[in-house]
Protein chains: 2
Amino acid sequence: MSGKPRNILFIMYDQLRFDYLSCAGHPYLETPNFDRVASMGVRFTRAYVQSPVCGASRMSFYTGRYVHSHGASWNGFPLKVGEITLGDHLRRLGMDAALVGKTHMRVDADGMERLGLTRDSIIGARVAECGFDIFVRDDGLWGEGPAGHYDTGPQPYNDYLKEKGYPGSNPWHDFANSAVDDDGDMASGWFMENADKPANIAEEDSETPWLTRRAEEFIASRGDKPWLCHLSYIKPHWPYIVPAPYHDLYSASDVIAPVRSEGERQNPHPLYRAFMDNTIGKAFRRDEVREKVIPAYMGLIKQCDDQLGQLLDFLERSGRLEDTMIVITSDHGDYLGDHWLGEKDLFHEQSVKVPMIIFDPSAKADATRGQVCDALVESIDLAATFVEFAGGEVPDHVLEGRSLMPFLHGEEPAEWRDFVISEYDYSQTSMAEELGVPPKQARLFMVADKRWKFTHVEGFRPMLFDLVNDPQELRDLGDDAEYEDIRRMMAERLAEWARRPSQRTTKSDAQIIAGRNGSDGKGILIGAYEEADVGPEFTERYTGKPGR
Amino acid sequence: MSGKPRNILFIMYDQLRFDYLSCAGHPYLETPNFDRVASMGVRFTRAYVQSPVCGASRMSFYTGRYVHSHGASWNGFPLKVGEITLGDHLRRLGMDAALVGKTHMRVDADGMERLGLTRDSIIGARVAECGFDIFVRDDGLWGEGPAGHYDTGPQPYNDYLKEKGYPGSNPWHDFANSAVDDDGDMASGWFMENADKPANIAEEDSETPWLTRRAEEFIASRGDKPWLCHLSYIKPHWPYIVPAPYHDLYSASDVIAPVRSEGERQNPHPLYRAFMDNTIGKAFRRDEVREKVIPAYMGLIKQCDDQLGQLLDFLERSGRLEDTMIVITSDHGDYLGDHWLGEKDLFHEQSVKVPMIIFDPSAKADATRGQVCDALVESIDLAATFVEFAGGEVPDHVLEGRSLMPFLHGEEPAEWRDFVISEYDYSQTSMAEELGVPPKQARLFMVADKRWKFTHVEGFRPMLFDLVNDPQELRDLGDDAEYEDIRRMMAERLAEWARRPSQRTTKSDAQIIAGRNGSDGKGILIGAYEEADVGPEFTERYTGKPGR
């Protein structure tokens with residue numbers, strides 16, 4: 001590895017669990033290409049997302065700021081205009097930032113109108129796309145129902161399928177995410193009973209290869225200017241359905257046992273109970289659901305792995321492996337029935353922890369290749385890492401994460417964080433409705449270190465897990481009197497974090513220090529009683545007489 | 001009072017203490033015109049500013065948001081682009097918002113450049129002026145020294161003085177804020193020993209009458225469209241100097257005794273000690289300083305009162321008293337030697353409490369005229385009040401204050417707040433330097449109810465006062481073991497406040513509630529196992545077969 005590092009390939013999978021990779025210890029799923037990147041770089045084993053839900057998590061990746069700071073706290077909650085994005089930071093350093101895939105960004109249309117910004121300007125287009133230049137954007141959420149389409153933007157993947165001859169208005173659903181049943185009828189991937197069937201699409205036309213080819217096109221099209229390419233896959237996110245041969249690689253016997261206990265259902269925290277008892281929890285507690293879905297989920301990941309292999313080969317052939325940082329991560333995990341839950345949303349490891357593998361091609365990183373790092377990492381650390389990789393100084397009055405470069409270069413960063421934070425805004429969910437929680441109160445905060453995981457539930461008692469003695473998080477100590485001191489310590493950490501000056505983004509610490517007493521030099525002489533109290537430079541100006 | 005209410009005259013004085021009005025009980029200072037407004041409206045006796053320093057306090061008035069939310073936490077810290085201002089809220093309701101005077105706003109030039117905004121557009125000009133259309137802006141801070149001018153913008157007041165024939169480049173300093181000594185030399189108002197001398201200017205040309213006339217011009221020039229006029233005086237802020245006859249109305253015998261005790265200097269909180277021992281504290285502990293400054297300060301207020309009288313007469317003559325809400329307040333107080341301090345910055349009542357008088361011309365307010373209200377009021381309540389007065393619904397996902405209209409109309413608002421918050425960022429001060437506090441830690445938070453005033457000092461022990469048993473705040477209970485429970489309660493209130501979703505400004509609570517389960521109707525069918533799990537409206541679309 002000797003090329004001058006200059007590009008960043010920032011790969012995100014959607015809903016990829018941290019432990020569904022062979023390098024992370026999955027017993028049945030072999031992912032040699034993920035493992036190859038891990039062997040080339042550093043794999044972080046304690047990487048947490050800022051929120052275990054697509055939109056909020058991504059906005060933290062793309063701004064380098066906590067959800068509590070950027071405010072786009074759930075899917076479809078617009079990122080407010082004015083937020084500084086990864087693209088803004090990198091462009092100042094001469095690096096472009098392009099998108100190939102999904103962001104789940106919702107534009108702050110009111111804010112853009114208030115500031116007179118329109119999408120037909122370069123600036124407006126970037127503001128509307130959380131700072132990226134769009135090579136391809138497709139969120140892969142082409143649901144449709146009586147209330148209309150979930151996503152109303154351009155549909156590049158559907159356009160592609162139509163060009164390839166797939167019929168209908170929504171081949172994303174009808175082919176890429178549906179099978180054909182025994183009667184020859186469409187078997188929608190929305191219904192998990194169909195998860196074991198092959199998607200009715202040529203494998204090379206399915207979402208993951210399609211996006212991989214687009215990324216290769218992007219990279220091939222680039223000249224000398226450094227770039228960040230956010231290759232943001234739609235999969236292995238639901239609908240859980242995958243084309244042949246991936247639909248048939250795994251079966252019920254490859255499904256690992258659910259992490260759950262009967263004890264969890266006895267007197268659970270009210271919020272946890274509400275999540276367990278929602279439609280998704282009820283579905284995923286059923287063995288038949290897990291046994292249909294998980295093999296498909298594994299197949300989707302296997303397809304991702306194969307495509308990653310193709311991409312790595314492409315990078316190698318084109319020389320880009322010499323000069324391109326590769327990052328692999330996900331926006332959150334997937335319960336898959338663990339803890340009696342499906343989807344994500346709460347803070348068990350299956351949901352809030354993500355894969356995080358970083359390959360730095362520079363010689364400085366040679367010493368750490370193939371290493372595993374168990375430092376407490378937050379998803380917002382990536383933005384800071386990218387800024388440092390691009391040659392910049394991390395503006396720590398804006399970016400709230402820390403650069404991971406020291407870990408990549410075998411250095412011990414000074415005063416690394418003692419705890420990580422994650423948040424969840426359930427204000428727009430049925431759980432808030434059921435629990436009668438008003439929107440401003442429907443917020444959760446996780447504080448975790450290597451021993452304790454504490455969840456503050458606004459308006460309810462907290463939850464607490466001992467990650468050392470109960471690594472599977474089966475015993476909630478949130479109302480156990482014995483752990484009052486621990487809970488208090490964790491609550492105080494949360495309070496300290498919540499008080500941080502997250503909005504003081506227009507003054508750097510260096511500017512503040514340089515400005516101490518700066519107004520004196522500009523003749524604002526507060527507290528002077530007589531001329532002798534100030535320097536002659538002022539006396540002369542303010543008395544008209546020569547200085548003493 | 002029968003005119004249809006439609007305008008708002010939002011008058012702010014700078015550094016006007018809550019208790020330097022005769023209606024607030026000052027024993028020697030008669031302010032009949034302030035008192036007249038109090039008799040016409042409601043006087044709030046527990047109105048606290050969001051930060052006891054000009055810039056931060058004002059940005060809270062102008063955004064209706066806490067300092068922790070808008071981030072412009074000290075003088076000269078730019079208000080970040082994208083913050084929604086009072087002007088934005090009112091213009092949506094058909095009301096203009098104009099400035100006559102001071103804001104202490106610093107533009108977020110980086111942010112404007114990032115978004116391609118320039119001052120030569122209407123939108124850009126408003127963003128650069130915290131939402132106001134500028135009739136006159138003058139901050140009255142024309143200090144100059146070897147490091148240049150403190151303020152570098154247009155100088156309308158200096159321009160006015162030059163037109164009137166006052167010589168030199170900075171007649172603001174040389175005449176409006178300087179006297180002439182016995183030798184005929186300039187005696188600068190920056191030196192407090194000169195505070196007893198008359199400013200070397202015709203009274204009608206001094207800052208307060210000048211701004212009053214500009215406000216009258218503004219009001220006279222307006223047609224039928226409702227307006228808010230922010231008449232924002234520079235005085236009684238330092239330099240403490242006032243023209244004849246006001247320089248000679250009060251003397252040392254009118255100076256009330258300082259509120260301070262020897263006990264305060266024994267083992268004080270380290271931060272308090274640092275403030276007491278700074279240049280300003282050292283000056284104001286001297287009797288000669290108080291006896292020079294306070295009579296001048298009283299003279300400045302008396303001049304404000306006389307000008308208020310002229311303005312009220314003008315409003316009455318022009319019919320505007322029938323249809324104009326009048327608000328009188330200040331951005332913070334002035335220690336004037338109390339607690340061994342000068343200026344503002346800390347949270348004793350002299351600094352953090354302000355006058356707040358509101359006259360509502362509508363008939364609904366007839367029942368409360370002349371009343372006094374002791375509810376806990378925050379300065380951010382004004383923005384919400386103005387929105388309601390202008391006929392809007394308060395957007396409580398953006399505005400963090402509460403409308404005071406119920407109090408004006410004799411109604412008891414539901415669930416009024418239990419405590420107020422104020423903040424102070426001392427990162428750019430000599431106190432941070434002296435205490436070795438890094439910029440991110442140099443923050444103070446006050447939490448106060450009617451009994452307790454608690455100050456959280458990041459990195460140090462807190463301070464605590466019992467406002468009932470120690471109304472003068474002379475005994476700090478911050479390290480008294482007896483009050484541990486109180487401190488814990490106040491710290492928990494602060495934590496709760498700090499966790500609030502202050503940045504979720506792109507979704508209203510109503511939108512969130514309306515959106516609960518909204519994605520279902522758009523065909524995002526998470527957790528469905530088979531067709532029977534969803535409605536026929538989806539089965540038909542997703543299977544191609546007629547619904548069941």
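Chain letters run A, B, ... following the sequence lines, proteins first, then strands; residues in each count from 1.
Most heavy-atom pairs under 4.5 Å with chain B, from the set H149(A), E492(A), Q511(A): that is H149(A). Contacts with chain B were tallied for D509(A), T279(A), N75(A), I280(A); D509(A) has the most, counting heavy-atom pairs under 4.5 Å.
Contacts between V289(A) and chain B at a heavy-atom distance below 4.5 Å involve backbone atoms as well as side-chain atoms. At a 4.5 Å heavy-atom cutoff, the contact between H68(B) and chain A is made by backbone and side-chain atoms alike. Within the 4.5 angstrom heavy-atom criterion, only side-chain atoms of H456(B), from C-beta onward, approach chain A. Heavy-atom distances place the side chain of R286(A), and not its backbone, under 4.5 Å from chain B. For chain A, the nearby part of K292(B) is the side chain; its heavy atoms alone come within less than 4.5 Å. Contact annotation for L494(A): only side-chain heavy atoms (C-beta onward) come within less than 4.5 Å of a heavy atom of chain B. Only the side chain of T505(B) comes within less than 4.5 Å of a heavy atom of chain A; its backbone N, CA, C and O stay farther away. Within the 4.5 angstrom heavy-atom criterion, only side-chain atoms of D185(B), from C-beta onward, approach chain A. Looking at S69(B), the atoms closer than 4.5 Å to chain A (heavy atoms on both sides) all sit in the backbone: N, CA, C or O. Looking at E343(B), the atoms closer than 4.5 Å to chain A (heavy atoms on both sides) all sit in the side chain, from C-beta outward. With a 4.5 angstrom heavy-atom cutoff, R126(B) does not touch chain A via any of its atoms. Interface remark: R488(B) contributes side-chain atoms only to the contact with chain A (heavy atom separation under 4.5 Å). Within the 4.5 angstrom heavy-atom criterion, atoms from both the backbone and the side chain of K80(A) approach chain B. For S73(B), the part lying near chain A is the side chain, with the backbone staying farther off; criterion is any non-hydrogen pair under 4.5 Å. For a residue to count as touching a neighbouring chain, one of its non-hydrogen atoms must lie under 4.5 Å from one of that chain's; by this rule D151(A) does not touch chain B. In this structure, chain A has no heavy atom under 4.5 Å from any part of F284(B). Looking at L117(A), only its side chain comes within 4.5 Å of chain B, counting heavy atoms on both sides. For R106(A), no part lies near chain B; criterion is any non-hydrogen pair under 4.5 Å. With a 4.5 angstrom heavy-atom cutoff, I123(B) touches chain A only via side-chain atoms.
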- Stepwise, does the side chain to side chain contact (heavy atoms under 4.5 Å, CB included) test hold for I512(A) with W74(B)? CA-CA 10 Å; I512(A) 288 171; W74(B) 210 61; over 6 Å; no

- side chain to side chain contact (heavy atoms under 4.5 Å, CB included) assessment of Q503(B) paired with Q503(A): CA-CA 9 Å; Q503(B) 305 305 315; Q503(A) 305 304 316; 3.5 Å; yes

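Taking the six-membered ring for Trp and thresholds of 30 and 60 degrees, Y542(B) and H173(A) have ring planes inclined between 30 and 60 degrees apart.
Counting heavy atoms from C-beta outward, P501(B) and D425(A) have side chains that stay 4.5 Å or more apart. A 4.5 Å side-chain heavy-atom check between T506(A) and D110(B) finds every atom pair outside the cut-off. Between E531(B) and N194(A) the shortest side-chain heavy-atom distance does not fall below 4.5 Å. Contact check for T85(B) versus R114(A): no side-chain heavy atoms found under the 4.5 Å cut-off. In this structure, S188(B) and F538(A) have side chains that are not in contact, with every pair of non-hydrogen atoms separated by 4.5 Å or more.
Ion pairing between a basic and an acidic side chain is recognised when a charged N comes within 4.0 Å of a carboxylate O; K522(A) and E144(B) show no such pairing. A salt bridge is defined here as a Lys NZ or Arg NE, NH1 or NH2 lying under 4.0 Å from an Asp or Glu carboxylate O, and R541(B) with D174(A) meets this definition. Salt bridge present: D396(B) and K440(A) bring a charged side-chain N and a carboxylate O closer than 4.0 Å.
Here the options are I524(A), D533(A), T539(A), the test is side chain to side chain contact (heavy atoms under 4.5 Å, CB included), and the partner is W190(B); only I524(A) passes. Test E423(B), E458(B), E496(B) against R499(A) for salt bridge (charged side-chain N to carboxylate O under 4.0 Å, His left out) and you get one pass: E458(B).
Relative to the ring axis of F77(B), R504(A) does not place its NZ or CZ within 45° and under 6.0 Å from the centre.
The shortest heavy-atom contact between R516(A) and A432(B) is NH2-CB, 3.5 Å.
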